Protein chains: 2
Amino acid sequence: MQNEKNTDQNFNCPMVKFVNLIAGKWAIPILYRLIITNEPIRFGELKRAISPITQKELTKQLRLFEQKGLISRKLYPEVPPKVEYQITELGKTLKPALNSIANWMKQHEQELR
Amino acid sequence: MQNEKNTDQNFNCPMVKFVNLIAGKWAIPILYRLIITNEPIRFGELKRAISPITQKELTKQLRLFEQKGLISRKLYPEVPPKVEYQITELGKTLKPALNSIANWMKQHEQELR
DNA sequence: CAGTATCCTTTAGGATACTG
DNA sequence: CAGTATCCTAAAGGATACTG
C-alpha cells in the first residue's frame with residue numbers, strides 16, 4: 001500500500017517524534033518549570049507556577065510525561081493528599097536540545113516575518 | 001490582570017515560539033524535504049514526495065513558511081502554471097536545531113516508555 | 001498544474017462541578 | 001489537595017469538487 005510508505009516515513013522521523021512529544025500547549029511550560037526547579041514540586045504549586053493551566057490539562061500532560069519517563073511522581077499517602085513531581089535524569093537530557101531550539105529562536109526572531 | 005503574566009510568559013518563551021513554528025502536522029516533513037532537496041522543487045513533486053498530504057494543507061503550510069521567510073516561492077507565468085519552492089538561507093539555519101532534536105530522539109528513543 | 005472553496009470529522013483544550 | 005467526570009467550543013485537518 002502506497003500510503004503506508006510516507007505515513008511510516010513521518011512516524012519514523014525522529015524530528016516528527018520529538019515534536020509530537022513536546023507539541024502540547026502546556027508541554028514546554030511544564031517541562032521547563034520542572035527542569036529549572038530541579039527538585040520535587042507539589043501539584044498545586046506547579047499549577048500556580050504555570051497558570052492559567054487547568055487541572056485537567058496539567059494532570060493529563062503530567063501523566064504523559066510520567067509514562068515516558070521524563071518526570072517522576074511521588075504520592076504521599078496523607079490526608080489531604082500530597083503529590084510531588086520531579087524531572088528525571090532522562091528528562092534532564094532534554095536540556096541541550098531545548099537550548100538549541102531556544103537559541104535559534106532568540107537569534108532569528110527578528111528575521112522572521 | 002493576573003492571567004496576562006503567564007500567557008505572556010508562554011508567548012515570550014522562545015521554546016514555545018519554536019514549537020509553534022514547527023508543530024503543524026506537515027511542517028517538519030515539508031521543511032525537511034526542502035532542506036535535503038536544497039534546490040527548487042515544483043509544487044506537484046513536493047506533494048508527491050510527502051504524500052499523503054492534501055493540496056489544501058500543503059498550500060497552507062507553504063504559505064506560512066513563505067510568510068516567515070523560511071522558504072521562497074517562484075511563479076513561472078506559463079500555461080499550465082509552474083511554481084517552484086525552495087528553502088531560503090534563513091531556513092537553512094534551522095538545520096543545527098533540527099539536528100539537535102533529531103539526535104536526542106535517536107539517542108533516547110529506547111529509554112522512552 | 002497549482003491552486004480555491006466547501007463541507008465534514010476529529011481532536012485539543014477550556015469551564016465547571018464533584019470526590020476520596 | 002489532587003485529582004475525575006462531564007459538557008462544550010474552537011481549531012486542525014481530511015475529502016472532494018471546482019477553476020484560471
Side-chain angles (χ1 to χ4, degrees), chain A residues 1-4 6-7 9-11 16 19-31 33-34 37 40-67 71-86, chain B residues 1-4 6-7 9-11 16 19-31 33-34 37 40-67 71-86:
Chain A
M1 201 177 290
Q2 273 192 334
N3 285 351
E4 280 184 11
N6 279 285
T7 301
Q9 183 181 316
N10 285 358
F11 283 136
V16 170
V19 170
N20 287 339
L21 194 64
I22 60 165
K25 177 169 181 179
W26 300 101
I28 290 286
I30 292 170
L31 272 181
R33 177 62 52 174
L34 290 177
T37 299
I41 179 174
R42 294 187 65 172
F43 181 87
E45 192 185 348
L46 186 56
K47 181 172 186 305
R48 263 174 272 115
I50 55 188
S51 161
I53 192 173
T54 62
Q55 279 185 326
K56 196 187 76 173
E57 292 303 307
L58 180 54
T59 301
K60 185 168 62 178
Q61 188 64 67
L62 288 171
R63 292 283 186 279
L64 283 173
F65 283 148
E66 190 198 358
Q67 232 181 342
I71 68 175
S72 66
R73 175 182 188 270
K74 180 161 190 186
L75 165 69
Y76 296 85
E78 312 168 356
V79 177
K82 172 179 168 184
V83 179
E84 285 182 341
Y85 292 91
Q86 188 174 196
Chain B
M1 200 178 288
Q2 275 194 332
N3 285 351
E4 281 183 9
N6 279 283
T7 300
Q9 181 181 317
N10 284 358
F11 282 137
V16 170
V19 170
N20 287 339
L21 193 65
I22 59 164
K25 177 169 180 181
W26 299 101
I28 290 287
I30 292 170
L31 272 182
R33 178 61 52 172
L34 290 177
T37 298
I41 178 173
R42 295 187 64 172
F43 181 88
E45 192 184 350
L46 186 56
K47 181 172 187 300
R48 264 174 272 116
I50 56 188
S51 161
I53 193 174
T54 62
Q55 280 185 325
K56 195 187 79 173
E57 291 304 306
L58 179 54
T59 300
K60 184 168 63 178
Q61 189 63 67
L62 287 172
R63 292 282 186 279
L64 283 172
F65 283 148
E66 190 198 356
Q67 232 181 342
I71 68 175
S72 64
R73 175 182 187 268
K74 178 159 191 188
L75 166 68
Y76 296 83
E78 309 167 357
V79 178
K82 173 178 166 183
V83 179
E84 285 183 341
Y85 292 91
Q86 189 172 196

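So that the names make sense, note that chain A is the first sequence line, chain B the second, and so on, each numbered from 1. These numbers come from a predicted model, not from an experiment.
Atom CG in B/Leu62 sits about 14 Å away from atom C1' in C/dC1, given to the nearest Å. We find that CZ of B/Arg48 is positioned 15 Å from C1' of C/dG3, with the value rounded to whole Å. With rounding to whole Å, B/Glu45 atom CD is found 12 Å from C/dC1 atom P. Protein atom CG of B/Asn20 is 14 Å distant from nucleotide atom P of D/dA11, rounded to whole Å. Taking atom CG of A/Leu58 as the reference point, atom P of D/dC1 lies 14 Å away to the nearest angstrom. The CD1-C1' distance, from B/Ile50 to C/dA2, rounds to 14 Å in whole Å.
A pairwise comparison of heavy atoms in A/Phe65 and A/Leu21 identifies CE2-O, 3.8 Å as the closest pair. Minimum heavy-atom separation, A/Ile22 to A/Ala27: O-CB, 3.7 Å.
In terms of the side-chain hydrogen bond (donor to acceptor under 3.5 Å, both in side chains) criterion, A/Glu45 has no residue partners (sequence neighbours excluded). Residues passing the side chain to side chain contact (heavy atoms under 4.5 Å, CB included) test with A/Lys60, sequence neighbours excluded: A/Glu57. Residues satisfying the side-chain hydrogen bond (donor to acceptor under 3.5 Å, both in side chains) test with B/Gln61, not counting sequence neighbours, are none. Residues passing the side-chain hydrogen bond (donor to acceptor under 3.5 Å, both in side chains) test with A/Glu66, sequence neighbours excluded: none. With sequence neighbours left out, A/Lys56 forms a salt bridge (charged side-chain N to carboxylate O under 4.0 Å, His left out) with no residue at all. A search for side chain to side chain contact (heavy atoms under 4.5 Å, CB included) contacts involving B/Pro81 returns nothing, not counting sequence neighbours. Under the side-chain hydrogen bond (donor to acceptor under 3.5 Å, both in side chains) criterion, A/Arg73 pairs with A/Tyr85, not counting sequence neighbours.
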Intra- and interstrand pairs of DNA chain D - dot-bracket, Watson-Crick/G-U under 3.5 Å, | marks other strand:
||||||||||||||||||||
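Of the residues in residues 72-80 of chain B, those lying under 4.0 Å from DNA chain C by heavy-atom distance are B/Arg73, B/Pro80.
Contact annotation: A/Tyr85 side-chain N/O to D/dC1 OP1/OP2 distance is not under 4.0 Å. Within the structure, a side-chain polar atom (N or O) of A/Arg63 is placed less than 4.0 Å from OP1 or OP2 of D/dT4.
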Quick one: which protein N/O atoms are closer than 3.5 Å to N/O atoms of nucleotides 8-17 of chain C? Pair and distance per line, please.
residue	atom	partner	partner atom	Å
C/dG13	OP1	A/Lys25	N	2.8
C/dG14	OP1	A/Lys25	NZ	2.6
C/dG14	OP2	A/Trp26	NE1	3.2
C/dG14	N7	A/Lys56	NZ	3.2
C/dG14	O6	A/Lys56	NZ	2.1

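Counting heavy atoms from C-beta outward, A/Tyr76 and A/Lys74 have side chains that approach closer than 4.5 Å.
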Run the side chain to side chain contact (heavy atoms under 4.5 Å, CB included) check on A/Ile53 and A/Leu46 step by step: do they pass?
CA-CA 10 Å; A/Ile53 192 173; A/Leu46 186 56; over 6 Å; no
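Both A/Thr59 and A/Arg42 sit near DNA chain D, but only A/Arg42 has its closest nucleotide nearer the 5' end.
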